[in-house]
Amino acid sequence: MTKVTLEVNGKKVTKEVPDHTLLSVFLRDNLNLTGTHVGCDTSQCGACVVHVDGKSIKSCSTLAADIDGSKVTTIEGLAKNGKMHPMQEAFKKTHGLQCGYCTPGMVMSAVDLLQTKKNPSEQEIREWLEGNICRCTGYQNIVAAVKEASTKM
Ligand code: FES
Ligand code: FES
């Protein structure tokens, strides 16, 4: 067992977990933050993307113990004072989702993109989101959402 301390969505948490506990499991099973989805568990689909110290990572291929002491933001931590994040607003406005399974990971990846590059081109958005798979939308409205958010962030 390992003691892991993280700051998750602004709140410090410490849990004693098995050494091999994945960050996705730590968030979902230990903290009940089920907005982080698990689609493949093999680092391919991107449904599990969260931010660790401000950068997007796949939580299904990260050990919680390896990021001990880090700051983690999940989809639950994006809204502030009951107001959705501009990226969440943009997904809603452009209807950038259908079933919603990929959406938390898409949003977290897209937020990282706009923190890294202010006005990405359509090509850059598509390339950045390469690691996020959506089985429903055909990506068109997801790209539109990121474009829309780039005018607000
Ligand atoms: Fe992590 Fe699919 S669940 S990439
Ligand atoms: Fe269903 Fe993307 S909206 S997988």
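We're numbering straight along the sequence, starting at 1. Order of listing sets the numbers, starting from 1, for every ligand and every atom in it. Just so it is clear, the structure is predicted and the values come from calculations on it, not from any experiment.
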What atoms in ligand 1 come closer than 4.0 Å to a heavy atom of [X]?
| X | answer |
| --- | --- |
| Cys45 | 2 (Fe), 3 (S), 4 (S) |
| Gly39 | 3 (S) |
| Cys40 | 2 (Fe), 3 (S), 4 (S) |
| Gly46 | 2 (Fe), 4 (S) |

For this session: Name the closest protein heavy atom to atom 3 (S) of ligand 2, giving the residue it belongs to and the distance to 0.1 Å.
Result: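 Ranked first by proximity to atom 3 (S) of ligand 2 is Gln98 N, 3.2 Å.
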Exercise. Are the charged groups of Lys152 and Glu89 less than 4.0 angstrom apart, N to O?
Worked result: no
Note, [X] side chain near [Y] side chain (heavy atom, < 4.5 Å):
| X | Y | answer |
| --- | --- | --- |
| Thr21 | Val4 | no |
| Phe91 | Ile142 | yes |
| Lys55 | Asp112 | yes |
| Tyr139 | Leu129 | no |
| Thr73 | Asn9 | yes |
| Thr137 | His95 | no |

At less than 4.0 angstrom from any non-hydrogen atom of [X], what atoms of ligand 2 do you find?
| X | value |
| --- | --- |
| Cys134 | 2 (Fe), 3 (S), 4 (S) |
| Gly100 | 1 (Fe), 3 (S) |
| Arg135 | 4 (S) |

Problem set entry | Closest to atom 1 (Fe) of ligand 1 (judged by heavy-atom distance), picking from Ser61, Ser59, Cys48, Gly105 |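 Answer by nearest heavy atom: Cys48.
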Exercise. Going from OG on Ser121 to CD on Glu127, what distance comes out if it is rounded to the nearest 0.5 angstrom?
Worked result: 7.5 Å
Exercise. Which part of Asp41 is near ligand 1, with near meaning a heavy atom under 4.0 Å away: side chain, backbone, both or neither?
Worked result: backbone
Exercise. How does Ser43 reach ligand 1, by side chain, by backbone, by both or by neither, if only non-hydrogen atoms under 4.0 Å count?
Worked result: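 Within the 4.0 Å criterion, Ser43 contacts ligand 1 through backbone atoms alone.
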Problem set entry | Any N, O or S atom of Cys99 closer than 2.8 Å to atom 1 (Fe) of ligand 2 |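 For Cys99, the answer is yes, given that an N, O or S atom comes within less than 2.8 Å of atom 1 (Fe) of ligand 2.
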Exercise. Is the distance from atom 2 (Fe) of ligand 2 to some N, O or S atom of Cys102 under 2.8 Å?
Worked result: yes
Problem set entry | side chain to side chain contact (heavy atoms under 4.5 Å, CB included) between Lys15 and Leu31, intermediate numbers included | CA-CA 9 Å; Lys15 298 277 178 191; Leu31 304 182; 3.7 Å; yes
Exercise. Do any of the N/O/S atoms of Cys60, backbone or side chain, fall under 2.8 Å from atom 2 (Fe) of ligand 1?
Worked result: no
